[in-house]
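Report on the following structure.
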Amino acid sequence: MNKIALIARREFLTRVQKRTFLITTILLPLLFFGFYALMIYFSVSNDEKYNIAVADQANIFKEKIEGDENVTFHFVKNETQQTLKQEIVNGKYDGYAFLPDTTNILNQVNISIVTKKSVGLMSRGKIEDKLNAALQQQRLLEFNISKAQLDSAKKEGNIQFSTIEGKNDTGQEAGISYAIGYVSGFLIYIVLFIYGAMVMRGVMEEKVSRIAEVIVSSVKPFQLMMGKIFGIGAVGLVQFIIWIILMVSLNFLLPVIFPNLAAQMHSANAQNQTMQAAETIKNTGLISNASGINIPLIIGCFIFYFLGGYLLYSSLFACVGSAVNEDPQDAQSLMLPITMPIIFGIVIMTKAVNEPTSGLAVFGSLFPLFSPIVMMARISHGIGNDAVPLWQLLLSMAFLILGFILTTWFAAKVYRTGILMYGKKPTWKEMWKWAFRRA
């Protein structure tokens with residue numbers, strides 16, 4: 001055990017002290033934060049402003065069209081399309097909307113909008129929405145229907161779901177559970193790929209450079225393999241924690257870096273939407289529903305399945321790394337049986353987040369090659385009498401530990417022979433023979 005710890009410490013320090021580790025650990029969250037900030041900035045800022053002249057010869061809109069800071073409407077009289085075009089050229093207006101005097105509000109209303117330059121997709125949508133809203137309002141008045149009456153007719157029924165035990169099953173809680181399960185499963189999916197491949201590359205580097213021949217003279221191949229798995233896993237865990245801390249910290253710095261962002265996001269339209277969202281949250285009890293989710297249990301299970309999935313798959317990746325030689329194509333062909341269960345796991349997870357009690361979701365959460373990804377999608381929906389019975393969770397954990405023991409035993413057998421095997425193109429059939437060869 002002492003030799004495994006020494007090897008793990010060496011693997012951890014040699015990678016953490018590299019300049020590339022610091023660059024990728026610090027620079028990657030900064031790049032993500034930069035893209036995230038720019039996306040928010042450009043989504044809330046709109047430099048396109050349109051001053052639209054409305055020639056309503058049929059008096060359809062009754063000179064009432066609501067505008068905003070980006071789109072304004074001005075009703076004009078005694079103007080023709082030729083004179084309006086000239087005013088656009090002179091810069092008085094950015095465009096005009098023309099309705100001939102033959103327009104009937106009860107029929108299809110054709111509105112011709114002419115602008116000096118091409119209108120962007122978002123601005124085009126705003127102009128269309130405001131014209132259609134004003135047109136709808138005037139049609140309601142034509143039928144002697146007030147907007148309040150229409151809103152009252154459109155009110156939906158208050159439909160509530162509950163379980164047989166009497167627990168309220170709200171859509172908000174299901175949405176939060178969906179998000180937590182999907183993000184947790186996807187994070188483990190990424191980790192298995194990135195750090196499993198890192199273990200494989202580390203084993204391949206030592207084998208190709210013939211350093212492994214010197215190391216195995218002092219330690220057993222099993223100790224070497226486990227030391228590399230634990231050491232590289234510690235690197236990945238530290239890097240993962242740093243990324244989370246940096247992303248959370250940078251998220252709080254967003255208003256400081258973009259001081260005008262808050263003012264832009266709290267424009268008149270956005271403020272109304274925010275107030276409506278707050279009222280909806282208050283009425284539906286979203287905050288109280290979120291507090292009903294067992295966050296400590298989810299975090300604990302995430303750490304368990306994070307470590308269990310990594311240890312299981314990293315042993316298989318180390319097995320492949322010990323068998324291949326200099327040709328990277330050999331590694332790609334041998335990685336297929338390992339990567340396919342990971343891909344299948346993310347496919348099953350997409351069903352498990354929607355239907356956590358389905359037969360496929362239950363199977364995926366119990367089978368060790370799928371459970372690190374799939375079980376996280378089910379756990380977020382509840383433990384006990386909800387989506388995941390307690391016995392299924394405990395059985396899944398037991399199967400994952402057993403799977404790690406079996407894959408480690410198999411990988412150690414292959415590693416013992418493969419780490420010193422050169423010049424022969426490996427296959428899974430050949431590696432299977434190595435595993436069951438008598439010492």
Side-chain angles (χ1 to χ4, degrees), residues 160-192 233 237 240-241 244 284-316 341-409:
Q160 297 180 349
F161 289 83
S162 62
T163 63
I164 195 172
E165 292 83 7
K167 179 183 177 182
N168 289 333
D169 184 12
T170 64
Q172 288 78 19
E173 184 176 355
I176 296 173
S177 300
Y178 179 95
I180 293 176
Y182 194 92
V183 171
S184 301
F186 193 77
L187 283 176
I188 294 179
Y189 165 79
I190 296 297
V191 166
L192 295 182
L237 189 60
F240 195 70
I241 294 174
I244 293 177
T284 57
L286 177 59
I287 297 177
S288 61
N289 290 331
S291 62
I293 298 178
N294 195 338
I295 299 298
L297 176 65
I298 292 176
I299 294 175
C301 291
F302 178 83
I303 294 174
F304 175 83
Y305 283 102
F306 170 87
L307 296 175
Y310 166 77
L311 293 175
L312 187 148
Y313 275 99
S314 61
S315 62
L316 295 177
I342 303 178
I343 297 174
F344 285 148
I346 201 70
V347 172
I348 298 175
M349 185 201 73
T350 58
K351 182 177 179 61
V353 291
N354 291 300
E355 301 177 16
T357 58
S358 64
L360 183 61
V362 173
F363 168 75
S365 63
L366 296 179
F367 189 60
L369 295 178
F370 302 150
S371 62
I373 300 174
V374 179
M375 182 54 88
M376 288 308 305
R378 298 186 62 208
I379 288 175
S380 60
H381 290 274
I383 301 293
N385 294 327
D386 296 318
V388 184
L390 183 60
W391 69 268
Q392 289 186 7
L393 177 62
L394 297 177
L395 190 62
S396 173
M397 290 181 171
F399 282 165
L400 183 58
I401 295 173
L402 181 62
F404 164 65
I405 295 174
L406 293 177
T407 54
T408 303
W409 172 84

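Heavy atoms only: backbone and side chains are in, while hydrogens, waters and symmetry mates are out.
The structure places CG of Leu360 at 12.5 Å from CE of Met349, a figure rounded to the nearest 0.5 Å. Interatomic distance, CD1 of Ile188 versus CG of Leu307, reported as 9.5 Å (0.5 Å rounding). Note: Ile373 CD1 to Thr350 OG1 = 11.0 Å, rounded to the nearest 0.5 Å. Distance check: Leu400 CG to Leu369 CG gives 9.5 Å after rounding to the nearest 0.5 Å. For the atom pair Ile342 CD1 and Leu316 CG, the distance stands at 9.0 Å (nearest 0.5 Å). Between atom CG of residue Leu393 and atom SG of residue Cys301 there is a gap of 5.0 Å, rounded to the nearest 0.5 Å.
Phe404 pairs by the ring-ring contact (aromatic ring centres under 6.0 Å, His included) definition with nothing, not counting sequence neighbours. Not counting sequence neighbours, the partners of Leu395 by the side chain to side chain contact (heavy atoms under 4.5 Å, CB included) test are Leu366, Trp391, Phe399.
The aromatic rings of Phe306 and Phe302 lie parallel to each other, with less than 30° between the two planes, well short of the 60° mark.
Sorted by first then second residue, the side-chain hydrogen bond (donor to acceptor under 3.5 Å, both in side chains) pairs that include residues 394-407, not counting sequence neighbours, are Tyr305-Ser396, Ser315-Thr407.
Between Ser371 and Met397, the closest side-chain pair of non-hydrogen atoms is not below 4.5 Å. Between Val388 and Met375 the shortest side-chain heavy-atom distance falls below 4.5 Å. The side-chain heavy atoms of Val362 and Arg378, taken from C-beta on, include a pair separated by under 4.5 Å. With a 4.5 Å cut-off on side-chain heavy atoms, Leu402 and Pro368 do not count as touching.
Of all non-hydrogen atoms in Ile348 and Phe370, the two that sit nearest each other are CD1-CD1, 3.8 Å. What you find for Pro341 and Tyr313 is that their closest heavy atoms are CB-OH, 3.3 Å. Between Val374 and Ser365 the shortest heavy-atom distance is CG1-N, 3.7 Å.
Heavy-atom contacts from other residues, nucleotides or ligands closer than 6.0 Å to CZ of Phe186 number 12 or fewer.
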